[in-house]
Amino acid sequence: MAVPGKKIAFYVLVVFVLYVIITDPAKAADYVQIGFEGISSAAKAVGHFMTWIADGAK
């Protein structure tokens, strides 16, 4: 029985994340902060776009 590629990729990603957290927690925290900043920036951009649309795209 063959294991789907997505499942293998998921497990490899989990192992990599755990490895980074265990070997260098400070760097892992930096990665999480960068990720949340990216999500925050994207949410702000969507908010500005929706405001622009609501204002009549002026």
Side-chain angles (χ1 to χ4, degrees):
M1 178 158 62
V3 178
K6 286 183 182 180
K7 193 177 244 186
I8 292 172
F10 175 74
Y11 287 130
V12 168
L13 180 65
V14 169
V15 168
F16 176 72
V17 168
L18 290 174
Y19 172 76
V20 170
I21 290 171
I22 291 169
T23 58
D24 195 357
K27 186 163 262 196
D30 289 340
Y31 291 147
V32 170
Q33 182 178 0
I34 290 168
F36 280 126
E37 286 175 0
I39 291 169
S40 175
S41 295
K44 286 178 186 176
V46 169
H48 289 300
F49 176 72
M50 291 300 173
T51 301
W52 179 70
I53 293 292
D55 288 341
K58 296 177 184 175

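Remember, predicted model here, so these are calculated numbers, not experimental data.
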Asker: Hey, what do you get for CD1 (I34) to NZ (K27), rounding to the nearest 0.5 Å?
Answerer: 9.0 Å

Asker: Can you tell me how far apart CD1 (I8) and CG (L13) are? Round to the nearest 0.5 Å.
Answerer: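 The distance works out to 13.5 Å.
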
Asker: Is there a path of hydrophobic side-chain contacts, each under 4.5 Å between heavy atoms of I/L/V/M/F/W/Y residues, joining F10 to L18?
Answerer: yes

Asker: Backbone N or O of E37 within a donor-acceptor pair of the S41 side chain at under 3.5 Å?
Answerer: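 Looks like yes, one N/O pair under 3.5 Å.
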
Asker: Any chain of hydrophobic side-chain contacts (each under 4.5 Å) joining I21 to V15?
Answerer: no

